[in-house]
Amino acid sequence: LIDIRLSFREHFEYARKKAYGTAGRLARILLNTRRPKQITRKLLTSVSTSQILCYSAYPLSIFDTVGIQYMCILQYRLFAVRVASAFRTVSSDTVLMIARIVPLRELVSEKADMRSALRGLERPGGSANAELKSAARRWSYGSWQAKWDASSKVRWTNRLVPKIEGWIERKHGQVDFNLTQVQIGHGCFRSYLNKFAHDDEE
């Protein structure tokens, strides 16, 4: 889709609506307190992520347009909420980390860097592709870690998980509704219920 001004807004809006439709259908089966497990949730929501990223072959500066970035990131956040079985009141920084989902800004930049690097290879493929992918992902982790350390919204979760790469790359364990509540501090806790006027007791 190409609009008259070549702003890619219609392009992004089409991708966002398509992903939103898929996410809405998935939401009906990804309930917080029931199965499936996190790994299955992540696999299912990756369909919606791919629907956004398949339209990512555009200049990175286009994605950085405030309106476009907001539309996509808002939708992307909802995927993470479903994967982590979290309350919607949780911050985006926290829920993406709990769900082990790389932030969209870093992911789009990672894909752009990969395309640029592959164009510079004489013989792309095989081990060269794997090395480029690994290097791009390490850059994403570095950028994400810097934001994680600087964020004022994730202090409690940052104390539990100070190093993002170790959490994301671990080979064991999955989160569920109850464990997510402990990690984010949002859930069936008296302080949280009072804050949102769901309980009058101290």
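Worth saying up front: this structure is predicted, and the values here are computed from it rather than measured. Counting from 1, the numbers follow the sequence of the chain as shown.
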>> Hydrogens and angles aside, do Ser140 and Ser143 bring a side-chain donor and acceptor to less than 3.5 Å of each other?
In response: no
>> Test your reading of the model: is there a side-chain donor-acceptor pair from Gln38 to the backbone of Val83, 3.5 Å cut-off?
In response: no
>> According to side-chain contact (heavy atoms from CB on, under 4.5 Å), who are the partners of Trp167, at least two apart in sequence or on a separate chain?
In response: Met97, Arg100, Val161, Arg170, Val175, Gln183
> Can you name the closest pair of heavy atoms from Arg82 and Arg88 and give their distance?
Replying inline: NH2-NH2, 4.0 Å
>> Can you confirm whether more than 12 heavy atoms, excluding those of Leu160, are under 6.0 Å from its CG atom?
In response: yes
> Just wondering, more than 12 heavy atoms not from Lys153 lying within 6.0 Å of its NZ?
Replying inline: no
> When you check the side-chain N and O atoms of Glu106 and Tyr141, is any donor under 3.5 Å from an acceptor?
Replying inline: no
>> For a quick test of reading the model, state the closest non-hydrogen atom pair linking Lys147 to Arg105 and the distance between them.
In response: NZ-CG, 4.3 Å
>> Whether the Arg77 and Ser92 side chains hold a donor-acceptor pair (N or O, under 3.5 Å, no angle test) is what I'd like checked.
In response: yes
> Which pair of non-hydrogen atoms, one from Val102 and one from Tyr76, has the smallest distance, and what is that distance?
Replying inline: O-OH, 2.6 Å
>> Please report the interatomic distance NZ(Lys42) to CD1(Ile101), rounded to the nearest 0.5 Å.
In response: 6.0 Å
> Is there a donor-acceptor pair under 3.5 Å between the side chain of Glu110 and the backbone N or O of Trp139?
Replying inline: no
>> Starting from Leu78, can I reach Leu104 by hopping between I/L/V/M/F/W/Y residues whose side chains sit under 4.5 Å apart?
In response: no
> Is Trp156 reachable from Leu96 through a run of hydrophobic residues whose side-chain heavy atoms are each under 4.5 Å from the next?
Replying inline: yes
>> Name the residue from Thr94, Val182, Val95 that meets the side-chain contact (heavy atoms from CB on, under 4.5 Å) definition with Thr157.
In response: Thr94
> If we ignore angles and hydrogens, is there a donor and acceptor under 3.5 Å between the side chains of Arg41 and Thr45?
Replying inline: no
>> Heavy-atom count check: over 12 atoms from other residues, nucleotides or ligands less than 6.0 Å from Arg155 CZ?
In response: yes
> Can you tell me if Ser151 and Asp93 form a side-chain donor-acceptor pair at under 3.5 Å?
Replying inline: yes
> So, for Pro162 and Asp149, which heavy atoms are closest and what is the spacing to 0.1 Å?
Replying inline: O-OD1, 4.1 Å
